[in-house]
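Reading through the structure tokens given below for one structure.
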Amino acid sequence: MTTIPFGDLRRQNTGLHDELNAALLRVLESGWYILGSEVAAFEHEFAAFCGVQYCIGVASGAEALYLALAALGIGTNDEVITVSNACTYQTEAILQAGAHPVFVDVYLSTHNLDPARIAAAITPRTRAIMPVHLYGRLADMEAINRIASAYGLAIVEDAAQAHGAWRVDAAGQPQQAGSLGTLACFSFYPTKNLGALGDGGAVVTNNEQLAEQVRRLRQYGWGSKYITAERGGRNSRLDELQAALLRVKLPHVSAWNDARRERAAWYTDLLRDTPLSLPPDEPGHVYHLYVVVAEDKAQRDALREHLKAAGIGSAIHYPVPSHLQPVYSEWLTPQQPTIRPQGAGTLPYTEDLAHRILSLPLYPELTHAEVAQVAAAIHAFFDAQAQVEH
Ligand SMILES: *Cc1c(COP(=O)(O)O)cnc(C)c1O
């Protein structure tokens, strides 16, 4: 029995060994390690990849979310509408900006923000909507944009799992993740669809003023060297080294996304006859993760144990929704009379899914034999269950 890890970054990185090595040496020998030609070139190339005008390389996806909110001037007494099922990155960024997160529930089928629930969450303090393109599937941006423009709200896309995800607009034109809101945030954490060999992130936008603002805030608030133009600046720069490595990988992302989609299709084909709910496919979904939904928590947990015993890695993205994380209880208790209570029971689909989701191994280098082995192990699990029940 061969083991199948949940992820294996060496498969991608050793395949690019010579090019990565050359990029690494180029930076080493340049003698310039912060905000130089590599970051500038990567920003240019990544903006083009997203179909936007401006890209600002920053330290991480988490930093990107904070800087986007700060650039919009969002702070004390403001509210930002987001989801609770995409880890605490959004919640923490909103709180760090000094604002208040307001959660809305997701679609049961896609796990993405349900736009029909946004209007009821809007108050006079609402400033922005922060949808997440979860697992590599675009949120319903057409509906979200309609609501945002009706209420005059900004949109900050969390595109950390959606590099290269796309949709076709009403005019039949393809649109990329990152070009669908006011600003968008990416992470280049090593496991993402575009991953560095360390931390990295980016904010992209078509708004020149907001781009300038993020550019200042990522570097101490400086307008020019040693001259601070803006309070609240950070040290949140993308390294030259990571930018050079990302430039090697960027041209491969579309092919890697195609490979992810192919592997997702293999799973969907092989798992169709199981009790699991499988992710509905759509053309621009780039499958950062392949997430199945079990019938209940006991089944999910038992399946996960069964896979582990079979040498197959799996994961839960994410086990505890933001609004149920004890650490936030104080901040989610509304001091502001406009916000309704946000405790247990307020987001039924989010809470239900957290108990039933399971992420299977999915990366571009996974072989068909490996996908078949995972599927066989899942069938064996349900066959054994059926026997117990008879
Ligand atoms: C990974 C991730 C982030 C955070 O990115 P880092 O680079 O790890 O800080 C934010 N949002 C989502 C949806 C993510 O998956």
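Throughout, residue positions are numbered sequentially from 1 according to the sequence presented. What's counted below: heavy atoms across the whole structure, side chains too, no hydrogens, waters or symmetry copies. Atoms within a ligand are numbered from 1 in the order they appear, just like the ligands themselves.
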In sequence, state the C-alpha distance, the side-chain angles, and the governing distance for Glu63 and Arg237, and then conclude on salt bridge (Lys or Arg N to Asp or Glu O under 4.0 Å).
CA-CA 9 Å; Glu63 281 289 302; Arg237 299 171 294 217; over 6 Å; no

Per-pair distances, ligand 1 N/O vs protein N/O, less than 3.5 Å:
| from | atom 1 | to | atom 2 | distance (Å) |
| --- | --- | --- | --- | --- |
| ligand 1 | 5 (O) | Ser187 | OG | 3.2 |
| ligand 1 | 7 (O) | Gly61 | N | 2.7 |
| ligand 1 | 7 (O) | Ser187 | OG | 2.6 |
| ligand 1 | 9 (O) | Gly61 | N | 3.3 |
| ligand 1 | 9 (O) | Ala62 | N | 2.8 |
| ligand 1 | 11 (N) | Asp158 | OD1 | 3.2 |
| ligand 1 | 11 (N) | Asp158 | OD2 | 2.7 |
| ligand 1 | 15 (O) | Gln161 | NE2 | 2.8 |
| ligand 1 | 15 (O) | Lys192 | NZ | 2.6 |

Salt bridge (Lys or Arg N to Asp or Glu O under 4.0 Å) between Glu19 and Lys249, worked out:
CA-CA 9 Å; Glu19 286 176 86; Lys249 292 191 167 194; over 6 Å; no

Assess the side chains of His133 and Glu157: does a donor N or O sit below 3.5 Å from an acceptor N or O?
yes

Testing Arg300, Gln299, Glu295 for side chain to side chain contact (heavy atoms under 4.5 Å, CB included) with Lys297, which one passes?
Arg300

Report, as yes or no, whether the 6.0 Å neighbourhood of atom NE2 on His44 holds more than 12 heavy atoms from other residues, nucleotides or ligands.
no

Does some side-chain heavy atom of Arg137 sit less than 4.5 Å from a side-chain heavy atom of Asn112?
yes

